[in-house]
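Quick notes on the structure that follows.
Protein chains get the first letters and strands the later ones, always in sequence-line order, with residue 1 at the start of each.
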Amino acid sequence: MAKEYNFREIEKKWHERWAEWQIYRVTEDASKPKFYVLNMFPYPSGAGLHVGHPLGYIASDIYARYKRQKGYNVLNPMGYDSYGLPAEQYAIQTGQHPETTTFRNIDRYREQLDKIGFSFDWSREVRTCTPDYYHWTQWAFRKMFDSFYCNSCRKACPIEELVKHFEEQGSENLDVAQSEELSFTAEEWNAWDEKKKSDVLMNYRLAFLGETMVNWCPALGTVLANDEVIDGVSERGGYPVEQKRMRQWCLRVSAYSQRLLDGLETIQWSESIKETQKNWIGRSEGTEMRFRISGTDEEFTIFTTRADTIFGVTFMVLAPESELVKKVTVEEQKEAVEEYLKQVKARTERERMIDKRVTGVFSGSYAVNPFTGEDVPIWISDYVLAGYGTGAIMAVPAHDSRDYAFARHFNLPVIPLIEGADVSKESYDAKEGIVTNSPRNREAQTAGEGLVLNGMTVKEAIAATKKYVSEHGLGRVKVNYRLRDAIFSRQRYWGEPFPVYYKQGIPTMIPEECLPLELPQVENFLPTETGEPPLGNAKIWAWDEVNRKVTDKALIDEKTVFPLELFTMPGFAGSSAYYLRYMDPGNPKALVSKEADEYWKNVDLYVGGSEHATGHLIYSRFWNKFLYDLGVSCVEEPFQKLINQGMIQGRSNFVYRIKETNTFVSLGLKEQYETTPIHVDVNIVKNDVLDIEAFKQWRPEYATAEFILEDGKYVCGWAVEKMSKSMFNVVNPDVIVENYGADTLRLYEMFLGPVEQSKPWDTNGIDGCHRFLKKFWMLFWDKEGQLQADDSKPTAENMKSLHKLIKKVSADIEEFSYNTSIPAFMVATTELSQQRCRSRRVLEQLVTLIAPFCPHIAEELWEALGHETSVCDAAWPEWDDKYLVESVVKMPVQFNGKVRFTLELPVDMPKEEIEKAALSAPDAARHLEGQQVVKTIVVPGRIINIVVKPA
RNA sequence: GCCCAGAUGGUGGAAUUGGUAGACACGAGGGACUUAAAAUCCCUUGGCCUAACAGCCGUACGGGUUCGAGUCCCGUUCCGGGCACCA
């Protein structure tokens with residue numbers, strides 16, 4: 001009897017053995033180099049895992065196992081991002097408490113993950129919703145509150161330093177990140193009361209309370225961060241989002257804009273993600289210029305990247321929210337302006353996006369162009385954003401399409417400044433060409449005497465204007481970033497509570513010793529449309545408890561009960577530094593110990609979806625940079641290399657019902673009838689052929705269905721769609737594991753295509769991978785089911801097949817092209833099988849090679865080969881080019897000055913020798929001496945390819 | 001509108017980075033074994049022409065560089081992703 005590949009038994013056995021051996025537990029080990037592999041941890045959603053989820057986990061698990069075999073001490077942890085909107089929405093929809101559903105979902109996830117055979121060190125698991133974890137989320141927030149960002153030293157510093165500065169110099173000589181530029185003296189500062197000082201400090205803290213325009217989502221009952229809003233609706237649920245002015249906790253992410261940008265140059269991420277982040281940060285170099293309001297001494301500042309177009313300014317525009325609006329609005333225009341402001345306010349973000357009509361109103365005032373002395377009208381329009389630059393612009397309709405549209409609509413003049421630019425139909429926006437009309441005539445130039453741009457290229461003109469402006473005190477060179485501060489509070493229940501209480505209205509941090517501040521139990525955790533936080537429903541005792549804890553320690557001076565902050569933190573709070581916690585998960589004294597952090601440093605390989613490009617991947621980098629400034633994290637960038645696995649889409653199947661009947665027609669014949677396509681569960685379809693009996697039982701209304709078949713089969717149609725329950729195209733990995741085994745699932749997920757590419761799941765091809773594993777298995781057993789490994793010397797052919805495979809697989813794993821390794825395994829298996837390879841040495845190495853991909857079968861065979869330890873610790877084999885004839889370098893050679901050769905020579909011939917020999921060779925034969933010609937390729941013309949093999 | 005990535009058989013996808021395009025797998029067709037089915041194994045499978053050998057055409061489209069282009073350059077079309085009154 002041949003020995004059967006009983007994957008169910010094998011996988012069960014090894015799951016138990018791994019648990020018993022604690023094989024995946026890692027500790028810091030200075031004798032080995034470290035390697036940190038990390039997956040983006042999942043939200044434990046109610047639907048459980050589908051086959052798309054494990055894709056990235058499998059890819060990283062293969063890498064982790066490979067690195068371990070290469071001798072690294074590998075950290076490969078897993079945990080759950082269990083606070084936040086998705087978990088809470090699921091709880092609300094199913095009418096349960098989020099804590100109940102979250103923990104149940106986690107258990108379900110764990111069960112599913114365990115079946116796939118990952119090498120996670122579960123002893124390091126973290127859950128963001130447990131107090132011993134969010135202790136450190138609150139702790140970091142506290143630290144941010146107590147810090148400001150110093151621009152000149154390019155780092156976060158303790159707020160005490162800033163207070164000291166204020167006491168001594170007021171706001172003089174300050175170069176720090178701030179919400180708005182404030183100006184006060186030391187005397188003023190010292191005279192202010194606590195409340196006022198607190199308010200002023202909010203302008204500088206890295207975590208601060210800010211009165212800002214927020215994305216308010218009434219349906220979700222909470223505010224959302226910019227990255228959580230897509231096309232004017234919420235990312236979760238697609239509910240409408242409106243702009244609302246609210247007092248919110250914010251993180252001063254913008255302080256780190258430049259460092260976030262610079263850091264991108266030091267990490268190995270895909271170009272597209274880096275590009276996305278660069279766009280999101282949106283650095284733009286320009287000039288700030290001051291304009292005087294005509295007839296007054298008042299000045300205001302604008303920002304422009306096209307300082308060279310100063311002579312083409314025909315009007316100015318203020319954002320409707322700008323504080324200047326009041327100042328510039330004259331009596332006669334007051335009514336019109338107020339009407340316009342009302343109108344703007346009534347429009348939601350979404351309406352503004354869809355309807356891009358040109359709107360605006362004249363303020364009645366004029367600004368003086370500092371270069372020409374001309375008066376230009378000041379307008380108010382919502383095409384200028386309050387939050388970017390200074391909320392005011394100089395409009396140059398000839399060279400900016402938005403200004404152009406505005407000018408044409410309100411009939412304002414257009415003055416072209418580039419030679420040959422035709423602005424009769426549209427503006428000329430390109431930053432190229434020769435400048436003219438600048439200035440238009442000498443007399444017009446009063447204040448700006450000396451600045452002549454005519455004849456310059458646009459680039460030269462920008463530089464010249466910048467120089468002139470800063471030298472003459474008309475403004476300054478300025479870099480602006482589009483990156484906004486993150487809104488950090490949510491009016492929801494299921495999140496980290498803020499470690500904040502209000503002392504006489506002053507937001508105050510709960511002392512470090514009193515952390516964590518635990519989330520209280522509440523009866524009603526539903527969000528409200530008005531924004532009243534559900535934490536307000538907490539029973540008094542829960543809050544009292546916290547207060548007592550704080551007061552008993554005499555850490556606050558009065559025995560009064562102070563109100564606590566009722567907002568909770570957003571989903572990204574817990575996921576921003578979890579990779580540090582994995583290094584030292586149980587530590588009650590610190591987020592991570594110095595020793596653990598210095599050993600593991602940062603994540604070497606991070607695997608996850610690209611949808612987090614402007615969310616988690618920005619926040620985490622910001623958070624880590626802050627901790628780096630604090631000296632908590634010893635590496636500035638948290639994720640050295642990033643791989644974005646593609647999404648697995650669903651492959652839906654359809655049946656075609658003939659209209660108004662219960663008869664279904666097969667795909668090939670459907671054109672003859674009028675039909676309606678209906679989604680059919682992909683689990684009752686195999687290779688697009690419908691299981692008719694299963695279909696009849698699927699739904700009661702199909703029990704009596706009739707079918708028009710082709711070739712005796714019912715063939716279904718198919719389409720690629722999102723994997724979702726409603727499309728009946730969800731494939732559960734448990735089912736695959738049950739039918740084919742985890743090793744087949746792992747192999748097939750990788751075989752499906754490049755890891756980084758999105759692709760539909762199609763169970764059809766899985767048989768091929770399963771067949772391969774059977775063949776692989778049979779390589780080791782004879783007809784009687786006996787292990788057929790002996791100590792015979794491997795043949796040259798054996799070695800060639802093996803080393804070809806080692807080389808290919810090693811290179812593929814390093815490059816994450818697992819999909820091309822699998823064919824190599826198939827070819828090698830076939831070759832070794834044909835060669836009737838029995839050599840223990842060869843078979844053992846073969847097992848170690850497949851171990852990262854299919855650990856269960858590898859363990860079983862490794863044990864059968866007589867090993868008592870796990871294959872996880874078997875050394876990764878090295879290849880030797882001497883066995884590889886195909887491994888060659890190609891080198892074009894000039895032959896007799898006329899003929900070119902491409903010589904394919906073994907790699908082990910030193911490069912210098914080839915070159916020397918080739919260049920001096922009177923004929924090619926000299927290279928071929930003592931070597932056997934295996935293949936000669938003569939391309940019509942003059943090219944010869946020669947493949948040689950050492951004799 | 002701007003930026004990024006891509007387009008190869010019926011399908012998923014290979015191609016040592018400028019050197020015999022289509023590896024490997026699926027699907028399809030044919031065959032062996034079997035009472036039969038499953039499983040397993042073998043052969044064929046880009047298109048056209050041919051009895052066959054051979055030959056010609058083929059990597060979205062149009063040009064170019066090169067002895068030689070799926071690969072490099074220029075232009076066009078299409079699909080995907082990101083940003084978007086960001087001055």
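Salt-bridge formation is not detected for the pair A:E4/A:K774: no Lys NZ or Arg NE/NH1/NH2 atom is positioned less than 4.0 Å from an Asp or Glu carboxylate oxygen.
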Do any N or O atoms of the protein come closer than 3.5 Å to N or O atoms of nucleotides 1-4 of chain B, and which pairs are they?
from: B:rC3; atom 1: O2'; to: A:E275; atom 2: OE2; distance (Å): 3.2

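B:rG6 sits 33 Å from B:rU44 when the C1' atoms are compared, rounded to a whole Å. Comparing B:rG18 with B:rC74, their P atoms are spaced 16 Å from each other, to the whole Å. Taking atom C1' in both B:rA84 and B:rC2, the straight-line distance is 8 Å, to the nearest Å.
In this structure, A:Y5 atom OH and B:rA39 atom P are separated by 17 Å, rounded to whole Å. Here B:rC79 presents its C1' atom at 12 Å from CD of A:Q649, a figure rounded to the nearest Å.
Considering only side-chain atoms of A:P754, the nucleotide from B:rC24, B:rA87, B:rG13 that sits closest is B:rG13. Proximity note for A:T276 (side chain, C-beta onward) versus B:rG82, B:rA87, B:rU40: the nearest is B:rG82. Listed candidates were B:rC83, B:rG13, B:rA87. Nearest to the side chain of A:K759 is B:rG13. The nucleotide whose nearest atom lies closest to any side-chain atom of A:T614 is, among B:rC83, B:rA14, B:rA87, B:rC83. Which of B:rU40, B:rA87, B:rC24 sits closest to the side chain of A:F751 comes down to B:rC24. Of the candidate nucleotides B:rC41, B:rA87, B:rA14, B:rA14 has the atom lying nearest to any side-chain atom of A:N819. With distances taken from any side-chain atom of A:P823 to the nucleotides B:rC24, B:rG13, B:rC85, the minimum falls on B:rC24. For A:K774, the side-chain atoms get nearest to B:rU40 when compared with the rest of B:rU40, B:rC85, B:rG13. Listed nucleotides: B:rC24, B:rG13, B:rA87. Nearest to the side chain of A:Q757: B:rG13. Taking the side chain of A:T820 as heavy atoms from C-beta on, and the options B:rC83, B:rC85, B:rA15, the nearest nucleotide is B:rA15.
There is no side-chain donor-acceptor pair under 3.5 Å between A:Y740 and A:T763. Side-chain contact check for A:Y619 and A:D227: at least one donor-acceptor pair (N or O, by modelled atom type) lies under 3.5 Å. Side-chain atoms of A:N729 and A:S652 form a donor-acceptor pair, as typed in the model, at a separation below 3.5 Å.
Relative ring orientation between A:F751 and A:Y748 is described as tilted, the plane-to-plane angle lying within the 30° to 60° band.
A:L385 comes within contact range of at least one nucleobase, with a heavy-atom separation under 4.0 Å.
Between A:N764 and B:rG12 there is no side-chain N or O to OP1 or OP2 distance below 4.0 Å. Between B:rU40 and A:R771, a contact under 4.0 Å exists linking OP1 or OP2 to a side-chain N or O. Not one side-chain nitrogen or oxygen of A:Y383 sits closer than 4.0 Å to the OP1 or OP2 atom of B:rA87.
The nucleotide B:rU40 finds its pairing partner in B:rA32, both defining distances of the Watson-Crick or G-U wobble pair being shorter than 3.5 Å. With a 3.5 Å ceiling on both atom-pair distances, B:rU65 lacks any Watson-Crick or G-U wobble partner. Using the Watson-Crick or G-U wobble rule with both distances under 3.5 Å, B:rU45 pairs with B:rG27.
Proximity of A:S801 to A:Q835: side-chain heavy atoms (C-beta onward) are separated by under 4.5 Å at one or more points.
Partners of A:E756 according to the salt bridge (Lys or Arg N to Asp or Glu O under 4.0 Å) rule, which considers only residues two or more places apart in sequence or in another chain, do not exist here.
Between A:R306 and A:A430, the shortest heavy-atom distance links the atoms NH1-O, 4.0 Å.
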